[in-house]
Chemist: 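Below are the structure tokens for one structure; questions will follow.
We name chains A, B, ... by the order of the sequence lines, and we start the count at 1 in each one.
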Number of protein chains: 2
Amino acid sequence: MLDKSQGTREVIRQAAERLFARKSYGAVSMRDIAGAVGIRQSAIYNHFPSKQAILADLMVTHMESLLDAWEEARLEDAPPTERLANFARFHIAHHFDQATAVFIAYMELRSLEEDNFAAVNAMRRRYELAVRQILADGVEAGVFQVPDVNVGARALIAMLTGVTTWYREGGRLSRETIAEIYVEMTLRSVGLETGAGRSLCSTRP
Amino acid sequence: MLDKSQGTREVIRQAAERLFARKSYGAVSMRDIAGAVGIRQSAIYNHFPSKQAILADLMVTHMESLLDAWEEARLEDAPPTERLANFARFHIAHHFDQATAVFIAYMELRSLEEDNFAAVNAMRRRYELAVRQILADGVEAGVFQVPDVNVGARALIAMLTGVTTWYREGGRLSRETIAEIYVEMTLRSVGLETGAGRSLCSTRP
DNA sequence: GTCTATAAGCTGATAGAC
DNA sequence: GTCTATCAGCTTATAGAC
């Protein structure tokens, strides 16, 4: 049973997020969620009209907070290299902070019903566009070498998002170190030399 | 109902693979699979002891075929740059051919029970090691600049595997073109200049 | 806003006829 | 090796008491 001081609705959200991430949407029942919250299954329906509505709420809220945070963090007038490094750092940091929400947003797109999927997917595309724009500006300025900005943007986002599948608190590397590794690989992948020398960390396979 | 000339067991495997990929393991019932095959639910148990056994079989078989194919395709004595390009090309090509199996192997790891997970995960690590080894050799030879070979290997695999989440038959780009885009980004991400000029394709965001 | 009770239907899996 | 029939238990969601 979780702390209820934040309001039952929020506790349900958090319990569902944790359970969906660990066992997948299809494998989690309303009873599971209610059990984690410390209420009966039927009480959930005072806060959400359906199980699908919980998932949609988690994913829409997550995408909104991602887009809002990016609106704050983006550098509008900086040169492309700086903007790309800033994006990579932002994306990794956000994914550390919101690991389970990100995981769900990635893995449970299939579980969204049509309308919910359309809404979430539109927001995903908006985020992707931000990266495409940076890459395109860098190519136009002659500082990036990217064979295709659409594929390039997706490739970069996939690379950076992958961190959630293996990062665990208290591992060998600090968050900051991991972020800098990804920033460096991101910049190199568009053809930039980076200031960083070799071997920030381990070079053994 | 699928063609049964290949044997019912194989038809069940294929139906399950398609359904698991589209709707997720938890959301697919034995009746769904049987319906797609054109038999009754109970008949599946003549071929698999449980639903979990179908998933485990799909994932183990997929990883075995991936590792076998890589054993065939890998270049043992070539210089690191050539081996890395070869890996990227192999990985992308395999993922085009086995798109749904790859998708499941990535998304449904959570749905595997403990022993099955351990078996599949061991094979995943074996595959990852191949990439770590290439990166380490390249770093040692002084031709790659990779801040951390463990993170680097995971980042590259995530970037390349991401192709399955957006590629659709008959799209703007051919398989060969997409493969070359990813090869170029892979080589650049470890600090290499590639022969390819800029702009294989689109540079508009 | 949570509870108990219940609806109506689906779940994985088994038994036994053919 | 597929079928029908069945099991015991689970599913999402609703009705109505408090």
Chemist: How many Å lie between CD1 on B:I44 and P on D:dT4, as a whole number?
Modeler: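 Between P of D:dT4 and CD1 of B:I44: 14 Å.
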Chemist: Give a yes or no answer on whether the side chain of B:T161 reaches the backbone of B:A158 with a donor-acceptor pair at less than 3.5 Å.
Modeler: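 A pair under 3.5 Å: no.
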Chemist: Generate the contact string for nucleotides 11-18 of chain C. Rules: B means base contact, S means sugar-phosphate contact only, - means no protein heavy atom under 4.0 Å.
Modeler: BBBB----
Chemist: Within residues 112-120 of chain A, find the residues that approach DNA chain D with a heavy atom at under 4.0 Å, and present them sorted by residue number.
Modeler: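 Close to the strand, none.
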Chemist: For residues 163-185 of chain A, which residue pairs pass the ring-ring contact (aromatic ring centres under 6.0 Å, His included) check, not counting sequence neighbours?
Modeler: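 Pairs touching residues 163-185 of chain A that pass the test: A:F96-A:Y167.
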Chemist: Can you tell me the distance, in whole Å, between the CD1 atom of A:I54 and the C1' atom of D:dA13?
Modeler: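 Roughly 12 Å, once rounded to whole Å.
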Chemist: Would you mind checking if A:E169 and A:R175 are paired as a salt bridge, meaning a charged N to carboxylate O distance below 4.0 Å?
Modeler: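 Salt bridge flag = yes for A:E169 with A:R175.
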Chemist: Would you mind writing out the side-chain donor-acceptor pairs for residues 70-81 of chain B within the sub-3.5 Å range, not counting sequence neighbours?
Modeler:
{"residue": "B:E71", "atom": "OE2", "partner": "B:R74", "partner atom": "NH1", "Å": "3.2"}

Chemist: Pick one: which of A:R125, A:R132, A:R126 meets salt bridge (Lys or Arg N to Asp or Glu O under 4.0 Å) with A:E128?
Modeler: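 Single pass found, and it is A:R132.
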Chemist: Which label fits B:F87 and B:Y127: parallel for a plane angle under 30°, tilted from 30 to 60°, or perpendicular past 60°?
Modeler: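 Tilted: the ring planes of B:F87 and B:Y127 meet at 30° to 60°.
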Chemist: Tell me: CD of A:E10 to P of C:dG1, nearest whole Å?
Modeler: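 Going from CD in A:E10 over to P in C:dG1 covers 15 Å.
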Chemist: So, using ring-ring contact (aromatic ring centres under 6.0 Å, His included) as the criterion, who are the partners of A:H95 when residues are at least two apart?
Modeler: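 Result, ring-ring contact (aromatic ring centres under 6.0 Å, His included) vs A:H95: A:H91.
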Chemist: How many whole angstroms separate atom CD1 of A:I12 from atom P of C:dG1?
Modeler: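 From A:I12 CD1 to C:dG1 P: 10 Å.
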Chemist: Could you list all the salt bridge (charged side-chain N to carboxylate O under 4.0 Å, His left out) pairs where at least one residue sits in residues 110-122 of chain B, not counting sequence neighbours?
Modeler: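 Listed by first then second residue: A:E108-B:R110.
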